[in-house]
Amino acid sequence: MREDLRNAVKGTAWAKFISVMMILGGIVSILGCITIPLGIVQIMAAMKLLRTAEEMNRYKNTADDRYLYGVLENLSGFFTLYGWTTLIGIILAVIILFLYAILIFMGVFDSLDNL
């Protein structure tokens with residue numbers, strides 16, 4: 001194995017851990033009504049990260065540079081899907097805050113009518 005990749009290979013255990021935690025978080029997100037898209041994309045991103053760790057382990061065991069292409073391809077897919085997860089989360093947060101502000105605004109004016 002190339003010396004410059006030794007530290008990257010050490011991170012595979014953390015990548016697997018993060019993948020499992022993201023899958024569990026995605027399952028919890030799927031249980032909510034409006035967070036279903038967030039959960040689905042999060043699970044897809046976690047699967048890409050898990051495949052990245054598997055490819056890195058294959059590289060570690062064989063020292064075959066062909067597995068590095070799989071690592072880079074899966075890592076690229078992970079970052080793309082994680083970016084989408086972030087965007088969907090921001091959009092959902094803005095929508096929820098907007099709806100919450102409307103409910104507060106309506107509640108304030110409704111309580112003024114009762115005076």
Side-chain angles (χ1 to χ4, degrees):
M1 178 187 337
R2 293 179 13 202
E3 187 64 34
D4 56 344
L5 293 174
R6 193 170 305 277
N7 285 333
V9 171
K10 289 180 186 177
T12 57
W14 281 109
K16 287 180 182 179
F17 173 74
I18 291 171
S19 298
V20 170
M21 298 311 294
M22 285 180 68
I23 289 170
L24 292 175
I27 290 170
V28 170
S29 292
I30 287 175
L31 296 176
C33 285
I34 59 174
T35 56
I36 291 173
L38 180 68
I40 291 171
V41 177
Q42 185 173 352
I43 290 172
M44 290 169 54
M47 296 305 295
K48 284 287 189 181
L49 186 59
L50 193 58
R51 285 190 207 112
T52 300
E54 291 169 357
E55 291 287 325
M56 190 57 91
N57 278 332
R58 286 188 191 107
Y59 173 73
K60 180 174 72 173
N61 294 332
T62 63
D64 188 353
D65 286 343
R66 289 181 298 164
Y67 291 116
L68 291 178
Y69 295 112
V71 168
L72 294 175
E73 182 180 329
N74 284 310
L75 201 56
S76 172
F78 166 74
F79 282 120
T80 301
L81 289 169
Y82 196 73
W84 279 108
T85 301
T86 303
L87 289 175
I88 291 170
I90 291 170
I91 291 168
L92 287 175
V94 168
I95 290 170
I96 290 169
L97 286 173
F98 181 72
L99 292 175
Y100 187 68
I102 288 174
L103 289 174
I104 290 174
F105 187 70
M106 290 173 59
V108 166
F109 282 110
D110 187 42
S111 64
L112 290 177
D113 289 339
N114 294 331
L115 291 176

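Atoms considered below: every heavy atom in the structure, side chains included; atoms not considered: hydrogens, waters and symmetry mates.
- Using modelled atom types, no side-chain atom of S76 and backbone atom of L72 make a donor-acceptor pair closer than 3.5 Å.
- Remark: I96 CD1 to I91 CD1 distance equals 12.0 Å, nearest 0.5 Å.
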Given salt bridge (Lys or Arg N to Asp or Glu O under 4.0 Å), test E55 with R58 step by step and report yes or no.
CA-CA 5 Å; E55 291 287 325; R58 286 188 191 107; 2.7 Å; yes
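- To the nearest 0.5 angstrom, I102 atom CD1 is 11.5 Å from L97 atom CG.
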Full working for side-chain contact (heavy atoms from CB on, under 4.5 Å) between I43 and M22:
CA-CA 7 Å; I43 290 172; M22 285 180 68; over 6 Å; no
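- Rounded to the nearest 0.5 angstrom, L103 CG and F98 CZ are separated by 10.5 Å.
- With hydrogens and angles ignored, the 3.5 Å screen pairs a side-chain donor or acceptor of T35 with a backbone N or O of S29.
- Between Y82 and F78, the two ring planes are parallel [angle under 30°; tilted spans 30° to 60°].
- Annotation: the span from L49 atom CG to E54 atom CD amounts to 10.5 Å, rounded to 0.5 Å.
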Worked verdict on T52 versus M56 for side-chain contact (heavy atoms from CB on, under 4.5 Å)
CA-CA 6 Å; T52 300; M56 190 57 91; 5.6 Å; no
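- Using a 4.5 Å heavy-atom cutoff, the side chains of M47 and I23 are in contact.
- Taking CD1 of I27 as the start and CD1 of I40 as the end, the distance is 12.0 Å to the nearest 0.5 Å.
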